[in-house]
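Could you have a look at this structure, given as C-alpha cells, before my questions?
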Amino acid sequence: MSKSKWPFLPSRMMYIERAQGVYLYTKQGQTIIDAAGGAIVANIGHGRQRVADAVAKATKDYSYVVPPWLTPSREAMLEVLHDHWLPNYLTRVHCTSGGTESNEAAMKIALHYQQAIGQEKRTKIIGRSISYHGTTLATAAISGHPIRKRGLENALPIFPEVDTPYPLRCSLGSHHENAGAYYADLLRDTIESEGPETIAGFLAEPITGSSGGAIVPPQDYWPLVRNICDEYGIVLILDEVMTGFGRTGKPFGYQHWPIEPDIVVSGKGLAGGYAPLGGVFAREEIGAAMEKAGYQVMFNTFGAHPAACAAAAEVLNIIIEENLVEQAQQRGQYLQDQLTNTLADHPHVAEIRGSGLLRAIEIVQDRESLERFPVEASISAKIVAKGLAMGVFFYGGGTGDVRDIICMGPAFIIDENQLDEIVSTLAQSIDDVIDGL
Ligand SMILES: Cc1ncc(COP(=O)(O)O)c(C=O)c1O
C-alpha cells in the first residue's frame with residue numbers, strides 16, 4: 001500500500017479487483033452482489049466487452065477533442081439519444097462529466113433563459129427539502145440534505161425551499177388522498193411568498209433518490225406542479241441523474257406522469273458507470289433564446305469526453321437492444337413483491353417503496369408512530385456493513401433528518417435468484433442489527 005491517505009477522510013473501504021455482471025470480486029477473495037449498482041449507476045452491469053472496446057477505440061482514434069466539436073463517438077451518442085431516448089421537443093444537448101456539473105449547468109441555463117426573455121428579476125431557483133443535486137457550492141446549497149452541508153451552513157448561498165412529497169409522513173396523514181394537492185399547494189405558497197416575478201426555476205427529482213429513499217410522489221403531484229410552473233413562467237428542471245435511462249422502469253422517471261419538463265438533467269446511467277458523463281437536455285426555445293441573447297454555455301474541459309460518449313452510445317444501445325427498460329420494470333416489481341413477502345409485517349419496517357429497480361425500505365423504531373431510531377444508533381450504516389459482510393452491497397440513504405433508509409439499485413440484468421439473495425440478506429442484516437442494539 002502506498003503512503004497516500006485514501007480516501008481523504010477515513011471511511012469503510014473495500015478493494016475491488018474485478019467486477020462482472022452484478023458481482024464484485026474483492027482482493028481478499030470475497031464475492032459480493034452489487035445490489036446498489038455502485039452508486040446506482042451500473043445499469044447494464046459490469047464487464048461488457050463491447051463497451052470497453054468502444055472506449056478503447058475512441059481513446060486510440062482521437063483521445064481528446066474540445067467539447068463543442070463532433071467526433072464519431074459524440075455523433076453515435078447523439079444519434080441513439082434522439083432516436084430512442086429523448087422526446088422530440090428536447091433538442092438542445094450539453095454534456096458535462098457528471099451529475100453535479102449537469103445540475104449546475106441546468107440551473108445556469110434556466111437563469112440565462114429568463115434573462116434572455118427579459119425577465120431580469122428572475123434570479124431564484126426553488127429546491128426541495130429532501131433532495132440531493134451535487135457537491136459544488138450551488139448544488140450542495142440547493143440540496144435538501146443537511147448531513148452533506150454540515151460545516152458549510154454559514155457559507156452556502158440560500159435557495160428557497162419547499163417540502164418534498166413524503167406520502168408516508170404527510171402532515172395530512174399517511175398516504176392521504178389529498179397529499180398531491182397539498183404538496184403542490186406548498187410550492188404555490190412558496191412562489192407567492194418569494195414573489196413570482198423573482199423565480200426562474202424549480203429543481204427537483206421526479207422520484208426522490210437516495211436522499212429520501214425512492215419516494216414516489218402522489219399521482220397528481222407532477223401534473224399539478226407542471227401547471228403551476230406554466231402559470232408562473234417558471235422553468236421546470238428535473239434532476240434525472242439517478243432516475244434516468246431506465247432505472248425506474250420508464251426511459252425517464254418523469255414519464256410515469258403526463259408531463260413535459262423544460263430541462264432534464266442526467267448523469268450516472270447515461271454511460272452506465274463505464275465512464276464519467278452527465279447530460280443536460282433542454283427545450284429548443286430555451287437554447288434559441290440564449291443564442292439570440294448571445295449567452296454562452298461554457299464547457300467543462302472534460303465534458304462530453306470522447307471516450308465517455310463512446311461508452312454512452314454503447315450502453316444506451318445495449319439497453320434498447322436487450323429491452324432492459326421493460327426488464328427493469330419487471331425485475332423491480334419482483335423485488336418489491338419479495339421484499340413485501342419477507343418484510344411487510346416486520347415490526348421495524350415502516351415502508352417498502354420505489355419504482356422499477358430503484359427501491360428502498362425505511363426502518364423505524366416504532367411502526368405505529370413512525371418514530372425513528374436515534375441518530376447514534378446508525379442503523380443504515382450498520383445494516384450496510386452487515387450486508388457487505390454477508391456478500392451483498394446495499395446503498396445507505398437519507399439526509400441525516402431522514403434516516404434509516406436502505407436503497408437498492410442493481411443492474412437491470414439481475415435475475416430472480418440474485419434478487420432472492422438480496423432480500424434474504426437484507427432481512428437477516430436488519431434482524432442482526434436491531435437484535436444487537
Ligand atoms: C439525484 C442526484 N443528482 C445529482 C447527483 C450528483 O451527481 P454526481 O455525483 O455525478 O456529481 C446525484 C448523485 O448521487 C444524484 O443522486
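Just so we're clear, the structure is a prediction, and the values are computed from it rather than from any experiment. Atoms within each ligand, like the ligands themselves, are counted from 1 in listed order.
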Out of all atoms in ligand 1, which are within 4.0 Å of some heavy atom of Glu205? Include the element for each.
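Listed by number with element: 1 (C).
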Parallel under 30°, tilted from 30 to 60°, perpendicular over 60°: which one fits the rings of Tyr183 and Tyr221?
perpendicular
Output the list of atoms in ligand 1 that are nearer than 4.0 Å to some heavy atom of Met242, sorted by atom number.
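Taking each heavy atom of Met242 in turn, ligand 1 has 16 (O) under 4.0 Å.
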Would the distance check show the side chain of Asn103 and the main-chain N or O of His133 forming a donor-acceptor pair, the cut-off being under 3.5 Å?
yes
May I ask whether Thr135 has any heavy atom positioned less than 4.0 angstrom from an atom of ligand 1?
no
Quick one: look at His133 and ligand 1, take heavy-atom pairs under 4.0 Å, and tell me if it's side chain, backbone, both or neither.
backbone
Of all protein heavy atoms, the one nearest atom 2 (C) of ligand 1 is Tyr132 O, 3.2 Å
Measure Val265 to ligand 1 on non-hydrogen atoms and call it side chain, backbone, both or neither using the 4.0 Å cut-off.
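Under 4.0 Å from ligand 1, Val265 contributes no heavy atoms.
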For Tyr274, is the NZ or CZ atom of Arg48 found under 6.0 angstrom from the centre of its six-membered ring and inside 45 degrees of the ring axis?
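Pair Arg48/Tyr274 does not count as cation-pi.
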At a 4.0 Å threshold, what atoms of ligand 1 neighbour a non-hydrogen atom of Asn103?
3 (N), 4 (C)
What is the minimum heavy-atom distance between Gly127 and Ile142, and which atoms define it?
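Distance-wise, the nearest heavy atoms are CA-CG1, 3.7 Å.
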What is the ring orientation for His305 with Tyr64, classed by angle as parallel under 30°, tilted 30 to 60°, or perpendicular over 60°?
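Tilted.
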Please check whether Asp239 reaches ligand 1 - meaning an N/O of the residue sits under 3.5 Å from an N/O of the ligand, judged on distance alone.
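Yes, at least one N or O pair falls under 3.5 Å.
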Taking the six-membered ring for Trp, are Phe252 and Tyr254 parallel (under 30°), tilted (30 to 60°) or perpendicular (over 60°)?
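Geometry flag for Tyr254 against Phe252: parallel rings.
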So do the side chains of His84 and Leu316 get within less than 4.5 Å of each other, counting heavy atoms only?
no
Going by the order shown, which atoms of ligand 1 are within less than 4.0 Å of some heavy atom of Val241?
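Contacts of ligand 1 toward Val241, numbered from 1: 2 (C), 3 (N), 4 (C), 5 (C), 7 (O), 12 (C), 15 (C).
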Polar proximity ligand 1 side, Glu101 side, N/O cut 3.5 Å exclusive
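No: no nitrogen or oxygen of Glu101 is under 3.5 Å from one in ligand 1.
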Does Gly99, backbone or side chain, put an N or O under 3.5 Å from an N or O of ligand 1?
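Yes - when backbone and side-chain N and O of Gly99 are compared with those of ligand 1, one distance drops under 3.5 Å.
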Does at least one non-hydrogen atom of Lys268 fall below 4.0 angstrom from an atom of ligand 1?
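Yes; Lys268 lies near enough to ligand 1 that a heavy-atom distance drops under 4.0 Å.
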Judged by atom type as modelled, is there a donor-acceptor pair below 3.5 Å linking the side chain of Lys268 to the main-chain atoms of Ala39?
yes
With backbone taken as N, CA, C and O and side chain as the heavy atoms from C-beta onward, which portion of Thr100 lies under 4.0 Å from ligand 1: side chain, backbone, both, or neither?
both
Distance (rounded to the nearest 0.5 Å) between Glu260 CD and Leu90 CG
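Output value for this atom pair is 8.0 Å.
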